[in-house]
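One structure is given below, encoded as structure tokens.
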Amino acid sequence: MPREVPKAYEPQEIERYWAQAWFEEKIYRGEATARGDTFSIVLPPPNVTGSIHIGHMLEHTQIDIIVRWRRMRGNKTLWLPGMDHAGIATQVVVERQLAKEGLRREQIGREEFERRVWQWKAESGGKIKKQMIRLGVSCDWTREKFTLDPPLYRAVMEAFLRLYREGLIYRGRYMVNWCPRCQTALSDLETIHEAREGKLWHIRYPIAGSKEFIVVATTRPETMLGDTAVAVHPEDERYRQLIGKMAVLPLMNREIPIIGDDLVDREFGTGAVKVTPAHDPNDFAMGRRHNLAEIDIMTPDGHISAAGGAYAGMGRFAAREKIVEDLKAQGLLEGTTNHAMSVGLCDRCKTIIEPRLSLQWFCKMKPLAAPGIQAVEDGLLSIVPDNQKKIFLDWLTNIRDWCISRQLWWGHRIPIWHCGDCGEMTPATDSRVAVVDGRAQIAGVPDKCEKCDSGKLTQDPDVLDTWFSSGIWPLSTLGWPDNTEDLRTFYPTSLLISGYDILFFWDARMIMLGLHLAPGTKIEERIPFRQLYLHALVRDPHGMKMSKTRGNVVDPLEIIEKHGTDALRFALTVMAAPGTDIALSEERILSYRAFANKIWNAARFLFFNLEKIETLGVTLEELAAQEIRANAPYATRDALPHQWIFSRLAEVTRQINEALENFRFHEAAHVIYHFFWGDFCDWYIEWLKPQLASGNREDTIATWRNLFAAFEYALLLLHPFMPFITEELWNRLPQAAGAKSISLQPFPKAHTGWLNSEAEHRVALVQEIVVAARNIRAEAKLDAKKKVAADLASDNSEVLNRTSENLDVILRLGSLSALNVQPGKLKSREGAVRSTSQFDLGIKFEGELVDAGAEAAKLKKEKERLEKDVASKKQRLADDTFRNRAPAEIVRGLEATLADRQLEYQKIVERLAQLE
RNA sequence: GGGCGAUUAGCUCAGUUGGUUAGAGCGCUCCCCUCACACGGGAGAGGUCCAAGGUUCAAGUCCUUGAUCGCCCACCA
């Protein structure tokens, strides 16, 4: 490492260097830090759909802070990284690429398509990994996993087969959400709802054998082709007599029954509803209750099927228009009203989904949800923030079966074979997988049908929902179903940090599947993680969700190249108060880049002086003594600043530990920020400067040791938040010689022995005095370069004596009290006074005139404020109920404050009188 | 239709068991390129804490109602 230190911090090269070094030296291996209690966490695996975005960055930053902090505190720490094949999301991306070549996946076939996706995965996955390494996340890359790796593929097979044999996975023809573009079923969670202005068409259905009509209202007239009934509420007086009669379905000329069902809302529309069991979830339920035919009138790609008579072959929206037109022509359209409604869209491609009757695989959820509810209610799994707990429990309580099959080609293929003769199903013999061309496929292929011994078996073409494999991520990444050492050591994991947006998708599924599948008899042995922290989402500066279509996505790597990872990390951390989303702006990042620069320059101050120290005859070894921190603060002639800064350090450490314990990242970041910038730089270093320039050798050494010790201590505290700059600077410290990485050093302890309220109190007074003096100087517009004379009258003369020699340097005062200006006698033309109950400070202006009017105005304003304050306090203290009911401590405190204020008030009144 | 969250300085936001003069960053005004740092130093201005009730000796903080905005869930044809 070169010694020269540029004036402004340039993070790019330094960050690249350390990111690479940490990665190559594998210092974050699970075994490498094998010491105390285990702390394990899995990375929510990013999708291999592109690259890391700012949301990942926030998540990775928070995890990294906790992980670095835990590791430094001596936990045996594992952060396990990996990626998700992201079934439908990735398939959509590759399909779009194909579309650019004018191709569809059916044209190139399943095998070629899969080859293309693997190729994409290699590129995207590689890019993501590179990015993550650049972010400096301290995960164990030697354990990196991918959901389609053979061992993980096998774990998925095992999970499926177990649930299948237990009857928790079943196949059946039910209503599912169907995306006509992706041509696959979707789970309820994968459909999003968007408010749209729709229409409600009122259509006349003639009553058979009569001239009457029954008018039904619908938002999707095209589905009438599949109507098999008209339903009314059984107690609806308007329609009751029609129940049991037949209606004639217009356009199709089919007689359909009029039924009574209390699902019908009498208030809505006309109170009569057309029933299309194959294309609407409500109608489906009604259909099953009343044994209605289920007529599927739509093809998988959203066209009208042969069952749709004259409309066959038309697109679903074209058919709608044509049908409305035809109804109008036949006089069967009674009217149209506007209707606010919400349409379901495919989460991935935003195509309007079609509820569709379809043969799919489902997972029974009620039995899986019960232990999850119990785990949360018993406190074996804690959820932060607390309000998410209720949301989570509500969802688990009202859970419905999960459609787990997808008509996709990218994913884990369902290990079930269908018999060509009897049609029955035969599962794989076991979960073993074979590796063909580096890719896993099921090995336990059954050779004959379980039911009829036929050999005509074909494997189910569907793949599993991608969340099925992510649902066992903590298990599969640690080697399950084998009883591996990793599984024994690191499962259950300690914590999961994820966005609240995937609470149901992922977190809940992991909890349910983990509790069901993990070995162990107790819930606490099987739970996949003991704590769940849900972080906020990152939004653009206007609070809008970031999306490519809005064009407001922020590329983290761009920011990193501009301002550095540490600055971005710190900005995200400070803004990440739990519960509220983050609006990220570049300005905010800039101010934390400035913070990095501040740290850098504080270090420059120390390093510059290393040479000076050497000229004093002090060796770096003396400065680098192992116990340098342990023995601080070292005694010096003026002990106050050292006692104070180490007292602050002890307190700040306690606060950081407590905040991180409770995932209060922003609080921890604020504490360290203000400590470093305010306490350490603005006061401590400035205070020490004059002492470092003069004094005897012993004193100087002790002062330097304190300074270096405090600085190193601060770097250690900062490291989880800003890993790069702290690593770089720590390595340049004399005491770090030969040590490996700051990230493997012990996190500072909150030394209670350093706490010194006396010192803190006295320094607070010094600070008040200094601020008062600066205030006079600024308000009086004194020449900043000129020295001035001042006089300080204080009850606390000891403090004055100990600090006065420094004040003159800090303030560029002529020596304090040398001129013996009596604040009480200072004339307005000569100077100004600031008074508190603790001290009076007068500054005499040599030959310059103060603006007496301005001074008087200021004092008047202050007087008014104090008047009000004193009055309200007096009133309060005069109130007997207050005196009787408030704690004595509060009353006493108020009395003391009142006395102070009155004294100040008195002084101001006197001063004002003088000015007039 | 349920549920959750937000509303505090010009802007973006902190403010964990109620307690004495409500904070930060940015922006703004004034002074200073003082030998770590102008990505800096110093001093300031700026707030009836959304509204109305209530509980309490004491409310930004707790309760009720309402307003505005945002999000989530839901089988509103």
Side-chain angles (χ1 to χ4, degrees), chain A residues 5 7-9 175 188 193 200 216-220 223 231 263-265 267-269 272-276 280-285 339-342 355 387-388 390-391 394-395 398 400 500-501 503-504 537 541 543 545 563 567 571 574-575 577 579-585 587-588 590-609 659 662 664 666-667 670 673-674 681-682 685-686 689 771 774-779 781-785 809 811-812 865-866 869 873 876 879-887 889-891 893-898 901:
Chain A
V5 185
K7 194 166 169 181
Y9 178 50
M175 185 63 50
D188 294 338
H193 294 274
L200 197 57
V216 301
T218 180
T219 55
R220 292 191 301 154
T223 62
L263 190 79
V264 178
D265 178 359
E267 308 299 317
F268 190 91
V273 58
K274 57 192 266 326
V275 182
T276 321
D280 182 274
N282 281 326
D283 296 5
F284 174 73
H339 179 61
M341 54 186 285
S342 77
N387 61 16
Q388 298 283 345
K390 188 178 171 314
I391 297 171
D394 283 352
W395 189 76
N398 300 315
R400 297 192 301 156
Y500 64 81
D501 56 330
L503 174 63
F504 304 143
L537 266 31
K545 204 167 175 171
H563 308 301
V574 163
M575 291 186 283
T580 43
D581 289 345
I582 298 167
L584 186 72
S585 68
E587 278 180 0
R588 204 62 197 264
L590 234 60
S591 61
Y592 297 108
R593 186 180 73 169
F595 182 45
N597 192 55
K598 188 75 182 175
I599 299 168
W600 184 255
N601 275 290
R604 282 181 72 222
F605 175 73
L606 268 73
F607 297 149
F608 273 157
N609 281 289
N662 296 300
R664 304 181 65 83
H666 67 301
E667 205 173 282
H670 264 293
Y673 177 92
H674 287 110
C681 292
D682 291 345
I685 290 184
E686 294 305 322
K689 274 179 182 172
V771 169
R774 285 169 176 169
N775 173 269
I776 295 174
R777 185 193 277 284
E779 292 291 311
K781 301 199 192 318
L782 297 187
D783 186 337
K785 280 175 253 175
V809 177
L811 299 172
R812 291 182 167 267
R865 192 182 66 78
L866 283 166
D869 194 42
K873 286 197 167 53
R876 193 121 181 70
D879 185 352
D880 280 343
T881 14
F882 169 67
R883 287 186 170 279
N884 294 336
R885 303 219 184 163
E889 199 186 304
I890 297 291
V891 178
L894 191 60
E895 280 169 345
T897 316
L898 175 63
R901 294 293 135 75

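From a predicted model like this one, the values you see are computed outputs, not experimental measurements. In what follows, chains are A, B, ... by sequence order, proteins preceding strands, each numbered from 1.
A cation-pi arrangement is absent between A:Lys598 and A:Tyr673, since the terminal nitrogen or guanidinium carbon is not both under 6.0 Å from the aromatic centre and inside a 45° cone about the axis.
Listed nucleotides: B:rG42, B:rG15, B:rG25. Nearest to the side chain of A:Arg664: B:rG15. For A:Arg604, the side-chain atoms get nearest to B:rC37 when compared with the rest of B:rG19, B:rC73, B:rC37. Nearest nucleotide to the side chain of A:Arg774, out of B:rA43, B:rC39, B:rG41: B:rA43. In the set B:rA24, B:rU20, B:rG19, B:rU20 carries the atom at the smallest distance from any side-chain atom of A:Thr897. Closest to the side chain of A:Glu686, out of B:rG25, B:rA36, B:rG15, is B:rA36. Out of B:rG19, B:rG25, B:rA36, the shortest distance to the side chain of A:Arg588 is found at B:rG25. Here the nucleotide nearest the side chain of A:Glu667, chosen from B:rU16, B:rC72, B:rG5, is B:rU16.
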Set out, line by line, the N/O atom pairs under 3.5 Å between protein and nucleotides 75-77 of chain B.
| unit_1 | atom_1 | unit_2 | atom_2 | d |
| --- | --- | --- | --- | --- |
| B:rC75 | OP1 | A:Arg400 | NH2 | 2.9 |
| B:rC75 | O2' | A:Asn282 | OD1 | 2.7 |
| B:rC75 | O2' | A:Asn282 | ND2 | 2.0 |
| B:rC75 | O2 | A:Asn282 | OD1 | 2.5 |
| B:rA77 | O3' | A:Thr219 | OG1 | 3.0 |
| B:rA77 | N6 | A:Asp265 | N | 3.3 |
| B:rA77 | N6 | A:Asp265 | O | 2.8 |
| B:rA77 | N1 | A:Asp265 | N | 3.1 |

All N/O contacts under 3.5 Å from nucleotides 44-47 of chain B to the protein, with atom names and distances to one decimal?
| unit_1 | atom_1 | unit_2 | atom_2 | d |
| --- | --- | --- | --- | --- |
| B:rG44 | OP1 | A:Asn775 | ND2 | 2.6 |
| B:rG44 | O5' | A:Asn775 | ND2 | 3.3 |

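Here CZ of A:Arg774 is found 13.0 Å from CD1 of A:Ile776. Values are rounded to the nearest 0.5 Å. A:Leu263 contributes atom CG, which lies 5.0 Å from atom CG of A:Asn282 (distance to the nearest 0.5 angstrom). In this structure, CG on A:Leu503 lies 8.0 Å from CH2 on A:Trp395, to the nearest 0.5 angstrom. One distance of note links CZ of A:Arg865 with CZ of A:Arg901; it measures 6.5 Å at 0.5 Å rounding. In this structure, A:Phe504 CZ and A:Ile391 CD1 are separated by 6.5 Å, a value rounded to the nearest 0.5 Å. Interatomic distance, CG of A:Leu200 versus OG1 of A:Thr219, reported as 7.0 Å (0.5 Å rounding).
Rounded to whole Å, the separation between the P atoms of B:rG42 and B:rC26 comes to 12 Å. B:rG10 and B:rC49 have their P atoms separated by 13 Å, given to the nearest Å. If you take atom C1' in B:rC28 and the same atom in B:rG46, they sit 9 Å apart, rounded to whole Å. Between the P atoms of B:rU55 and B:rU61, the separation comes to 15 Å (whole Å).
Computed from coordinates, the A:Ile685 CD1 to B:rA36 P distance equals 10 Å when rounded to whole Å. Atom pair A:Leu503:CG and B:rC4:C1' shows a separation of 13 Å (rounding to whole Å applied). To the nearest angstrom, P of B:rG40 lies 18 Å from CZ of A:Phe605. Rounded to whole Å, the distance from CE on A:Met575 to P on B:rC26 is 13 Å. If you take NZ of A:Lys598 and C1' of B:rA38, they are 11 Å apart, rounded to a whole angstrom. One interatomic measurement links the two molecules: CG of A:Leu590 to P of B:rA24, which rounds to 20 Å at whole-angstrom precision. The separation between A:His666 atom NE2 and B:rG25 atom C1' is 14 Å, rounded to whole Å. What separates CG of A:Leu537 from C1' of B:rG70 is a distance of 13 Å, to the nearest Å.
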* Asked: In B/S/- notation, 5' to 3', how is nucleotides 60-65 of chain B contacted by protein heavy atoms closer than 4.0 Å?
  -> ------
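Residue A:Pro355 is classed as having no contact, given no heavy-atom separation below 4.0 Å to the nucleic acid. Counting any heavy atom pair closer than 4.0 Å across all strands shown, A:Arg876 reaches a base atom.
With hydrogens and angles disregarded, no donor-acceptor distance shorter than 3.5 Å links the side chain of A:Asn662 to the backbone of A:Arg664.
Nucleotide B:rC62 is matched to B:rG54 when pairs are restricted to Watson-Crick or G-U wobble geometry with both distances under 3.5 angstrom. B:rG18 is unpaired under the Watson-Crick or G-U wobble criterion, no partner having all donor-acceptor distances under 3.5 Å. For B:rC4, the paired nucleotide is B:rG70, the pair qualifying as Watson-Crick or G-U wobble because both relevant distances are below 3.5 Å. Using the Watson-Crick or G-U wobble rule with both distances under 3.5 Å, B:rC11 pairs with B:rG25. In a base pair of the Watson-Crick type (N1 to N3 plus N6-O4 or O6-N4) or a G-U wobble (N1-O2 and O6-N3), with each distance short of 3.5 Å, B:rA77 is matched with no nucleotide.
Taking side-chain N and O atoms only, A:Lys7 has a distance below 4.0 Å to OP1 or OP2 of B:rA38. The shortest distance between the side-chain N/O atoms of A:Asn387 and the OP1/OP2 oxygens of B:rG5 is below 4.0 Å.
A heavy-atom distance below 4.5 Å is found between the side chains of A:Asp283 and A:Val275.
Remark: aromatic rings of A:His666 and A:His670 are distant, center separation not under 6.0 Å.
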* To do: Apply salt bridge (charged side-chain N to carboxylate O under 4.0 Å, His left out) to the pair A:Glu895 and A:Arg883, showing each step before the final yes or no.
  => CA-CA 11 Å; A:Glu895 280 169 345; A:Arg883 287 186 170 279; 3.2 Å; yes
